[in-house]
Amino acid sequence: MSTARHHAEWLSLVEASGPFLSLPVLVKAFPNGLDAHDPEHLKLLRLAYEEWQDNQLGARPDSAIHRAWVDFVLRQNLEFTDEVLLSGRRISTGLAATIAEHGETLRPDWVVVNPTGTSDAGTPRLLVQFVLPEQDLEKPLKDRRWKASPATRMIMRLCSSNYLK
């Protein structure tokens, strides 16, 4: 099976939202295809996923378990280390965007930066925003004054960002 076909098959398994994920991007980033999976890691991933799913489908979903699942995916699956995966106070205040007309300040929950030893070390590569699993990324967030979707908010955050200038 061709690399492009593998990528297309993989894309069919995920919800692609907005301009963030496409076949040309995958082919450029992974010209030889994705790495084969580790069976032991796959078992661990399945166990973690089942724990997350049981909680989220239960009577009282816990947002802490959802956040732990996202953290697991970022650290264990994508192998982002503390060096490149920033959260909390380690995120530059310059990555916050105030949308004054809506009375909101948008901040990423995690930022993936270029590693030490590269010419652009510390430069943001990926912004991650935590949303609850039932939240449609194209529908407005509930209980917010600004009725915009998470996708729109991220685009606005990126468009108003100083680091893109």
Side-chain angles (χ1 to χ4, degrees), residues 10-21 25-26 29 34-35 37-100 102-116 121-164:
W10 183 83
L11 280 173
S12 74
L13 300 174
V14 298
E15 180 182 335
S17 177
F20 303 108
L21 194 60
V25 170
L26 284 175
L34 298 170
D35 294 337
H37 68 273
D38 171 14
E40 290 303 313
H41 180 74
L42 185 58
K43 287 179 190 176
L44 180 62
L45 175 63
R46 282 191 177 136
L47 285 172
Y49 175 74
E50 287 169 5
E51 178 183 352
W52 170 82
Q53 190 176 40
D54 286 347
N55 176 267
Q56 297 302 302
L57 296 175
R60 300 182 80 192
D62 185 346
S63 64
I65 289 177
H66 180 59
R67 188 174 288 273
W69 165 248
V70 175
D71 189 74
F72 176 85
V73 169
L74 292 171
R75 292 179 190 280
Q76 300 299 316
N77 282 25
L78 299 177
E79 299 178 349
F80 291 137
T81 63
D82 285 341
E83 176 193 3
V84 298
L85 183 61
L86 310 181
S87 63
R89 295 177 192 248
R90 293 181 62 211
I91 296 175
S92 166
T93 56
L95 291 177
T98 299
I99 312 297
H102 298 293
E104 291 199 37
T105 299
L106 307 177
R107 290 180 185 87
D109 293 305
W110 292 284
V111 177
V112 177
V113 298
N114 287 329
T116 313
T123 301
R125 296 184 70 188
L126 174 70
L127 305 179
V128 179
Q129 185 68 58
F130 175 81
V131 294
L132 296 174
E134 65 270 7
Q135 174 66 52
D136 185 325
L137 298 178
E138 299 295 338
K139 301 277 184 186
L141 287 170
K142 297 175 184 171
D143 304 325
R144 296 288 177 94
R145 188 172 145 202
W146 182 26
K147 299 299 179 194
S149 70
T152 298
R153 288 166 178 271
M154 186 61 77
I155 291 167
M156 289 295 294
R157 224 235 45 71
L158 290 170
C159 291
S160 64
S161 167
N162 289 332
Y163 85 90
L164 290 178

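All values derive from a computational prediction rather than experimental measurement.
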Donor-acceptor contact below 3.5 Å, side chain Gln76 vs main chain Leu45: no

Non-hydrogen side-chain atoms of Val73 and Val70 separated by less than 4.5 Å: no

Minimum heavy-atom distance between Pro61 and Gly58, given as atom pair plus value: CD-O, 3.6 Å

Crowding at CD, Glu51 (>12 non-hydrogen neighbours, <6.0 Å): no

Separation of Trp110 CH2 from Asp71 CG (nearest 0.5 Å): 6.0 Å

Shortest non-hydrogen contact between Gln56 and Asp62, atoms and distance: NE2-O, 3.2 Å

Nearest heavy atoms of Lys147 and Arg144, plus distance in Å: NZ-O, 2.8 Å

Straight-line distance of Arg60 CZ to Asn55 CG, nearest 0.5 Å: 11.0 Å

Considering all heavy atoms, the nearest Ile65-Trp52 contact: O-CD1, 3.9 Å

Donor-acceptor contact below 3.5 Å, side chain Arg90 vs main chain Asp82: yes

For the student: nearest non-hydrogen atoms of Trp146 and Arg153, plus distance: O-NH2, 2.6 Å

Nearest-0.5 Å distance, CD of residue Glu104 to CD1 of residue Ile99: 8.5 Å

Pairwise side-chain contact, Gln129 with Leu127, heavy-atom cut-off 4.5 Å (strictly under): no

Expected output: side-chain Ser92 to main-chain Gly94 donor-acceptor under 3.5 Å: yes

Any side-chain heavy-atom pair of Asp109 and Val128 under 4.5 Å: no

Non-neighbouring partners of Lys142 that pass salt bridge (charged side-chain N to carboxylate O under 4.0 Å, His left out), sequence neighbours left out: none

For His41, ring pair (Phe, Tyr, Trp, His ring centres under 6.0 Å) partners two or more places apart: none

Ser149 side chain near Asp136 side chain, heavy-atom distance below 4.5 Å: no

Side chains of Leu85 and Arg75 in contact at under 4.5 Å (non-hydrogen atoms): yes

Distance, nearest 0.5 Å, that separates CG of Asn114 from CD of Glu83: 10.0 Å

Closest approach of Val131 to His66 (non-hydrogen atoms, all atoms of both residues): O-NE2, 2.8 Å

